[in-house]
Amino acid sequence: MAKKKWKPESLMTPHLKNPEWYEKTIKEPIFQTSTYGFNSAEEGEQFFKRVYGGKELNSGNKTRLIYSRFSFPNLISLESKFPLLDNGEDSAFFNTGMAAISTMFMALLKPGDLILKSEPMYGGSDHFIKDFLKKWGVDYLSFNPDHTQTQILSRIRKRSKTGIALGYIETPCNPTNDLIDIEMVSKVCKALSSKKRQIPLVVDNTFLGPIGQKPLDQGADLSVYSASKYIGGHGDLVAGAVSGKEGLVSKVKALRYSLGNMAEPNTAWMLNRSLETLTLRMQKQFSNAEAIAGFLKRSKAIKSIKYPGLSGELSKKEKVIYNKQCLGPGAMIGFEVNGGKEKAFKFLNNLELIRLAVSLGGTESNAQHPWTMSHSNVPIKDRKKWGISPSFIRLSVGVENAEDLVQDLQNSLKKSGIA
Ligand SMILES: *Cc1c(COP(=O)(O)O)cnc(C)c1O
């Protein structure tokens with residue numbers, strides 16, 4: 001393949017496509033309009049034939065604008081730029097990460113299907129699979145980071161004659177940072193695929209983002225993201241994305257046309273702005289997190305720490321996975337303080353610079369308590385099995401000064417009587 005002329009991060013700046021829409025403004029205007037006029041009735045007929053015929057509205061060099069639930073320029077720039085970062089063929093953006101994930105599942109599954117899922121998993125996705133999908137006739141089979149390819153295959157064969165319809169994994173897992181081997185699970189999906197029935201592998205890549213991991217290069221068919229996290233990155237919006245194989249993305253988009261849960265013009269504009277600094281922000285967040293993880297590792301107040309960048313804390317298997325698929329250590333740190341829930345709460349209440357809030361991946365650092373907050377809707381037995389204890393804290397590291405962040409953590413540990 002010919003070497004690409006420009007690197008992806010150079011192509012995140014605005015409007016290399018369709019300059020005639022923008023009157024040479026440097027930043028894209030927000031297309032705050034619900035509808036678009038047709039040049040002729042014949043053109044209107046043709047556009048509707050495409051969209052209701054399940055065809056992409058905007059393919060090749062041709063852009064067809066009808067109505068903002070289907071498409072609009074801010075969304076088109078976003079969806080054509082984003083895949084350059086994670087090597088997808090196309091992408092679709094939604095009004096939240098859960099909208100992206102639930103629409104993907106509903107577009108690719110039908111009642112009677114069985115899906116393979118990894119654990120631990122983000123509480124919202126876990127709940128959607130175990131509660132909503134189950135009620136609609138889609139069952140699941142879980143595996144954990146210790147399972148091997150052979151074990152997973154034999155569990156599936158024992159469970160179902162027809163196999164699985166889809167593999168869904170999250171790595172690193174929210175909130176524990178466990179690592180799952182993407183290539184290994186893609187081999188499981190391939191082993192169960194036939195010419196007639198390809199089993200897609202979908203990876204939730206929220207935790208490392210398109211800069212820290214490219215699941216599509218490791219055998220995944222789709223990546224899904226909560227764009228409320230690193231991609232938006234400023235803690236000022238909620239959004240989601242699906243990126244990957246064109247045929248699968250277009251199935252997801254077709255359902256989105258009906259559900260109407262696309263990212264709207266203001267959010268799409270904000271996300272285009274955010275893509276310009278995504279690489280820069282994530283690099284700074286990764287290096288800040290490495291400094292903090294080093295401090296926590298040395299601190300006597302900490303019972304355990306899970307951070308992919310601390311190779312001494314990874315198992316032999318995790319080290320192999322890390323070297324194979326992670327392009328950076330991430331900026332999410334999971335750790336347990338000495339003492340139980342009471343000490344964990346004191347520690348959170350005594351932080352000054354780091355905010356006590358859920359969400360992650362923003363320019364601001366956040367800390368929260370998964371046991372009572374983000375993962376409180378996961379059954380207690382699963383929380384215990386996954387290593388989420390009442391003394392477990394999840395920290396998302398932002399772009400502030402690294403020494404200040406370490407100082408804040410140190411002060412709070414001291415004030416709380418932990419250190
Ligand atoms: C936050 C998150 C989601 C859900 O995204 P929303 O934008 O909050 O709907 C899904 N997966 C992971 C790993 C997350 O961290």
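Each ligand, and each atom within it, is numbered from 1 in the order the structure gives. Source: prediction; values computed, not measured. Only heavy atoms go into these numbers, but all of them, side chains included; no hydrogens, no water, no symmetry mates.
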(Q) Show me the pairs that pass side chain to side chain donor-acceptor pair (under 3.5 Å) and involve residues 170-182, at least two apart or across chains. (A) Asn174-Arg394, Thr176-Asp178, Asp178-Lys306, Asp181-Lys324
Q: Side-chain contact test, heavy atoms from C-beta onward, threshold under 4.5 Å: evaluate it for Lys343 versus Phe347 and give yes or no.
A: no
Q.
Quick one, Tyr36 and Phe72 - any side-chain contact, counting heavy atoms below 4.5 Å?
A. yes
(Q) Would you say Glu264 and Thr267 are linked by a side-chain donor-acceptor pair, where the criterion is simply a distance under 3.5 Å? (A) yes
Can you list, pair by pair, the side-chain donor-acceptor contacts under 3.5 Å of residues 352-360, counting residues two or more places apart and other chains?
| unit_1 | atom_1 | unit_2 | atom_2 | d |
| --- | --- | --- | --- | --- |
| Arg355 | NH1 | Leu353 | O | 3.2 |

Q.
If the condition is side-chain contact (heavy atoms from CB on, under 4.5 Å), which residues does Phe132 pass it with, not counting sequence neighbours?
A. Met106, Phe128, Trp136
Contact table ligand 1 N or O to protein N or O, d under 3.5 Å:
| unit_1 | atom_1 | unit_2 | atom_2 | d |
| --- | --- | --- | --- | --- |
| ligand 1 | 5 (O) | Ser226 | OG | 3.0 |
| ligand 1 | 7 (O) | Gly97 | N | 2.8 |
| ligand 1 | 7 (O) | Ser226 | OG | 2.8 |
| ligand 1 | 7 (O) | Ser228 | OG | 2.6 |
| ligand 1 | 9 (O) | Gly97 | N | 3.1 |
| ligand 1 | 9 (O) | Met98 | N | 2.8 |
| ligand 1 | 11 (N) | Asp204 | OD2 | 2.7 |
| ligand 1 | 15 (O) | Asn174 | ND2 | 3.0 |
| ligand 1 | 15 (O) | Lys229 | NZ | 2.8 |

